[in-house]
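Each remark here refers to the structure printed beneath this line.
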Protein chains: 2
Amino acid sequence: MSPAEPLLILTDDDLLAERWQALGRSPVRARRVDDLGTWRATGHRLVLVDLDPRRPDAPLWQHPAWQHNVAGLSILAASAQPDDDEGLAVLNAGASGYCHTHAPTATLRQALDVIAGGELWVGRALLSRLLRLVDTRLPRVGLAHWSTPLTEREREVAQLAAIGDSNLTIADALGITERTVKAHLKAVFEKLQVADRLQLALRVHGVR
Amino acid sequence: MSPAEPLLILTDDDLLAERWQALGRSPVRARRVDDLGTWRATGHRLVLVDLDPRRPDAPLWQHPAWQHNVAGLSILAASAQPDDDEGLAVLNAGASGYCHTHAPTATLRQALDVIAGGELWVGRALLSRLLRLVDTRLPRVGLAHWSTPLTEREREVAQLAAIGDSNLTIADALGITERTVKAHLKAVFEKLQVADRLQLALRVHGVR
DNA sequence: ACGCCACCTGTCCTCGTGGACAATACAAAT
DNA sequence: ATTTGTATTGTCCACGAGGACAGGTGGCGT
């Protein structure tokens, strides 16, 4: 059940590195942040990184090597003393997940699975706090929603098309024919005054 | 790889119910929110619920049956038209996860695994927004820009492609051949790990 | 000099997209 | 009863996108 992706373990703690060996099929060990670039070049995109180096200078995520390589990587950051603010900082620095250094192996493996799939992983505590924080301040005004002129069915089709689903995928999802999807999309394009599904996606996601 | 927990599927959409059958070992189907109490009594604690009933009255999470049973359950809420605010609302109402109704089976299964383990599951889009909302006070250091791993030329091409320009249009704009545009885009797709220009557009414009 | 890399170009080929003609069934409104 | 709107499906066709091969240039560092 390990992630199919080759895993890069980044820590200068030998004990920790040994613990983490069990998480990947053939995990690779690195000691310094500078190694990120090297291993990315070899196709390693899944990284488990220890945020508590033995000789702490600056936060790891402010290191140039981090910032140069973070875009192409899925990084799960682990801290021995997880702290909400640290978590927010590292996630905002491009990490895909934040967890406890000594979290159960099963949990770590699951987190790696999740971020390998392009999602984000945040522990229950931090996530709860996030939810509470934003709960109080929701803009939520009745602005002209993109879907107002659309029918129910057209909305469904548009929603799926806007996240990149193909016509056939949408058809299967809704239990209709690809031809029907096209018909709905044609109507959507006209009503929203867009030329193709890319423009539709931008409109739906509020770009521009 | 299915969750060990017995899964309760709650939807009045027959097609959807059929699709979701594959998610659990021996999934049980329910149609109305009121059934939550009944099935909880039988030991079902893992629930996948469709937030879009055919006869929409009030939001599902405001139903008495929901509020009476939510405490003992791990609920993954799915919406056909995922909306950040809806997600926040349902999570604050006690759900453990929020996702797209027609998300890939693998994703749904993963989400169920996560919430079965007591964690919370939130999709990348919503989570990103949460992070952005609370980071207004954070230093906002060198953030991970989508263009970091790209070369200068690739950035230009990607930028134009992301707003919907055709390859030929991009070529004319940059004074190069359409073939060259394709070459740059191919490199961009690989580096950013996206399949096509629509996914590229979403990435560039900070969606998901 | 050699290798690496960014940049540029060429030709097939397959496939999804979207437009242009259609048509049918069913509901609610007039 | 007729009209209007929504949802559904059909075929044909032109075009762009993106992959799979291929190549050639110039700069820059060892």
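Order of the sequence lines fixes the chain letters, A, B, ..., with proteins taken first and strands second; residue numbering starts at 1 for each chain. What you see is a predicted model; the values in this text were computed from it and never measured.
- The nearest heavy atom of DNA chain D to L185(B) and to I176(A) marks one nucleotide each, and the one closer to the 5' end goes with I176(A).
- To the nearest angstrom, C1' of dT8(D) lies 10 Å from CZ of R153(A).
- A close approach under 4.0 Å does occur between a side-chain nitrogen or oxygen of T151(B) and OP1 or OP2 of dC7(C).
- Separating the CD atom of E152(B) from the C1' atom of dC5(C) is a distance of 15 Å, rounded to the nearest angstrom.
- dT17(C) atom P lies 13 Å from atom CG of L160(A), rounded to whole Å.
- Checked options T101(A), D50(A), D52(A); the residue passing with T11(A) is D50(A) (criterion: side-chain hydrogen bond (donor to acceptor under 3.5 Å, both in side chains)).
- The residue among T180(B) and D165(A) whose nearest nucleotide of DNA chain C is located toward the 5' end is T180(B).
- The nearest whole Å value for the distance from the NZ atom in K186(A) to the P atom in dA22(C) is 13 Å.
- Residue E18(B) qualifies as open at atom CD: its count of foreign heavy atoms under 6.0 Å is 12 or below.
- Nucleotide dT8(D) holds its P atom 13 Å from the CD1 atom of I170(A), rounded to whole Å.
- Taking 4.0 angstrom as the limit, N167(B) places a side-chain polar atom (N or O) nearer than this to OP1 or OP2 of dA17(D).
- Counting distance only, with no hydrogens placed and no angle test, the side-chain atoms of R179(A) and the base atoms of dT11(D) include a donor-acceptor pair under 3.5 Å.
- In this structure the side chain of V122(A) never reaches within 4.5 angstrom of the side chain of V122(B), judged on heavy atoms.
- Atom NE2 of H184(A) is separated from atom P of dA7(D) by 6 Å (rounded to the nearest Å).
- Under the 4.5 Å side-chain criterion, counting only non-hydrogen atoms from C-beta, R29(B) is not in contact with W20(B).
- Salt bridge status for D14(B) with R31(B): present, with a side-chain N to carboxylate O gap under 4.0 Å.
- Side chain K182(A) to base dG18(C): a donor-acceptor pair is found below 3.5 Å.
- Residue A187(B) is classed as having no contact, given no heavy-atom separation below 4.0 Å to the nucleic acid.
- If you check every strand for non-hydrogen atoms under 4.0 Å, E190(A) touches nothing.
- The CD-P distance, from Q199(B) to dG16(C), rounds to 16 Å in whole Å.
- Checked against dA17(D), dT8(D), dC7(C), the side chain of E178(B) finds its nearest nucleotide in dA17(D).
- Distance from the side chain of T177(B) is smallest for dG10(C) among the nucleotides dG10(C), dA20(C), dA20(D).
- Rounded to whole Å, atom P of dG16(C) lies 12 Å from atom CG of D172(A).
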